[in-house]
Structure formats: C-alpha cells, structure tokens
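Structure record follows, encoded as structure tokens.
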Amino acid sequence: MSASWWDLYSLDNKNFAFAADPWNVFKNCPEVLILPPHQSTTKIIPIITCKSYYRGQQVRIGLSLQRLGFEFPNLNMSYVLPLVKTTHLIWSNAVTVN
C-alpha cells in the first residue's frame, strides 16, 4: 500500500516501532512490486524508540508477502490487511539500532 505500508511489516522487538506518518496521506492504493528471480531491492524503513537506552539492541523486520490475483481489479484492500500479520512473513537479518 502506498500510504499504510507499515501494515505489511512486523518487528520482533516490542521496544521499537515504525516511524510512519499516517497524517500525511492523500491517497492509499496498492503498489505492485515485481521482483524477478535472483534480483533484490532495498527499502528504507524508519524505526523509532521512545527510550535511548534501547539503542544497541537488535531487531528484525518481517515482511508479509501477499499474493493478489489480477482477476480482482476492484479488490478492497481492507479485507486483505487484517490477514497480513499472520501470513507469509519473511524475516530480515538482525539489525543493531544505533
């Protein structure tokens, strides 16, 4: 999703959260990312914490992959997003937060 992208991600450390800006949204529509085999992409995902003593801890980011068929052009994404947290999570390597 172009605006509610944080719904597709999870963190494995409760001391951190995504630094999303839900108030600066003018539209929210599906974005399709096609990733060919043996290729990669980089996405910057801002993470925040409310306590400075959590710095130095490690966190992993989980990405929920969703398979949506093109045969549903009028699919309402509000039916898909509640299922995101529990399906097809791919976890990153651990990252130390500075």
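For reference, positions follow the sequence shown, starting with 1.
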Indicate every side-chain donor-acceptor pair of residues 38-48 with a distance under 3.5 Å to a residue at least two apart or in another chain.
none

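Sequence neighbours left out, the pairs with a member in residues 44-54 that pass side chain to side chain donor-acceptor pair (under 3.5 Å) are Asn15-Tyr54.
Phe18 and Val97 fall within the same hydrophobic cluster, defined by Ile, Leu, Val, Met, Phe, Trp and Tyr side-chain heavy atoms under 4.5 Å apart, directly or through other members. No path of Ile, Leu, Val, Met, Phe, Trp and Tyr side chains, each step under 4.5 Å between heavy atoms, connects Leu89 with Val95, placing them in separate hydrophobic clusters.
A donor-acceptor pair under 3.5 Å is formed between the side chain of Ser92 and the backbone N or O of Ile61. A donor-acceptor distance shorter than 3.5 angstrom exists from the side chain of Asn13 to the backbone of Gln58, with no hydrogens or angles considered.
Around the CZ atom of Arg55, the shell of radius 6.0 Å holds no more than 12 heavy atoms that belong to other residues, nucleotides or ligands.
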